[in-house]
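Have a look at the structure below before the remarks.
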Amino acid sequence: MAEDVDKTLFLDYNMSDAFDWSKDEMPVRDAIWDYLMEHNNHDTMKTEEQMKPFMTESEADIRKFVEDNLKTADAK
């Protein structure tokens, strides 16, 4: 049980720690939230629903989403 508490979710890593191309210090979770908000007319309820799958997705799936959608924006 204690190992679950000590385990840091990939979503909680800073972008710069999770991705070598990022200089952003915000957590991966916040970067995804901001991306979703920008793409759904800042609808908080819709963004909340869109974030739910990320809570159980694998690190590989989250990495793919970030690489496909946020990498270009972060490089600017």
Side-chain angles (χ1 to χ4, degrees):
M1 183 82 164
E3 64 190 49
D4 290 336
V5 173
D6 295 336
K7 185 176 169 184
T8 302
L9 292 176
F10 179 71
L11 287 172
D12 295 328
Y13 286 31
N14 285 345
M15 287 289 291
S16 60
D17 294 334
F19 300 96
D20 59 0
W21 48 262
S22 180
K23 294 180 180 134
D24 200 336
E25 294 297 320
M26 79 168 44
V28 172
R29 168 192 325 270
D30 294 350
I32 294 171
W33 177 273
D34 290 351
Y35 172 84
L36 295 173
M37 286 288 281
E38 288 295 321
H39 287 85
N40 70 25
N41 203 26
H42 296 273
D43 183 331
T44 303
M45 298 306 286
K46 186 173 181 180
T47 300
E48 184 177 358
E49 284 301 312
Q50 291 173 316
M51 282 297 295
K52 284 181 182 179
F54 290 102
M55 301 308 293
T56 57
E57 283 186 347
S58 69
E59 178 179 332
D61 290 339
I62 295 169
R63 279 186 177 279
K64 179 166 178 24
F65 178 85
V66 172
E67 293 276 346
D68 291 348
N69 295 287
L70 281 76
K71 185 173 183 178
T72 306
D74 193 78
K76 291 180 183 175

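FYI, side chains are in, hydrogens and waters are out, and symmetry mates aren't considered; it's all heavy atoms of this structure.
- Side-chain contact check for Met15 versus Val66: some heavy-atom pair is nearer than 4.5 Å.
- By the 4.5 Å heavy-atom criterion applied to side chains, Phe65 and Leu70 are counted as neighbours.
- Side chain of Asn14 to backbone of Ser16: no donor-acceptor contact under 3.5 angstrom is found.
- With sequence neighbours excluded, the residues forming a side chain to side chain donor-acceptor pair (under 3.5 Å) with Lys64 are Asp68, listed by chain and number.
- For Glu59, the side chain to side chain donor-acceptor pair (under 3.5 Å) partners are Arg63, not counting sequence neighbours.
- Taking NZ from Lys71 and CZ from Phe19, the interatomic distance works out to 9.5 Å, rounded to the nearest 0.5 Å.
- Partners of Asp17 by side chain to side chain donor-acceptor pair (under 3.5 Å), not counting sequence neighbours: none found.
- Considering only residues two or more places apart in sequence or on other chains, Glu49 meets the side chain to side chain donor-acceptor pair (under 3.5 Å) condition with Lys52.
- Looking at every heavy atom in both residues, Glu57 comes nearest to Asp61 through OE1-CB, 4.0 Å.
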Under 3.5 Å donor-acceptor pairs involving side-chain atoms of residues 31-39, not counting sequence neighbours:
{"residue": "Tyr35", "atom": "OH", "partner": "Asn69", "partner atom": "OD1", "Å": "3.1"}
{"residue": "Glu38", "atom": "OE2", "partner": "His42", "partner atom": "NE2", "Å": "3.4"}
{"residue": "His39", "atom": "ND1", "partner": "Tyr35", "partner atom": "O", "Å": "2.8"}

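- Hydrophobic clustering (ILVMFWY, side-chain heavy atoms < 4.5 Å, transitive): Met55 and Met26 are in one cluster.
- Considering only heavy atoms from C-beta on, Met51 stays 4.5 Å or farther from Glu48 through its side chain.
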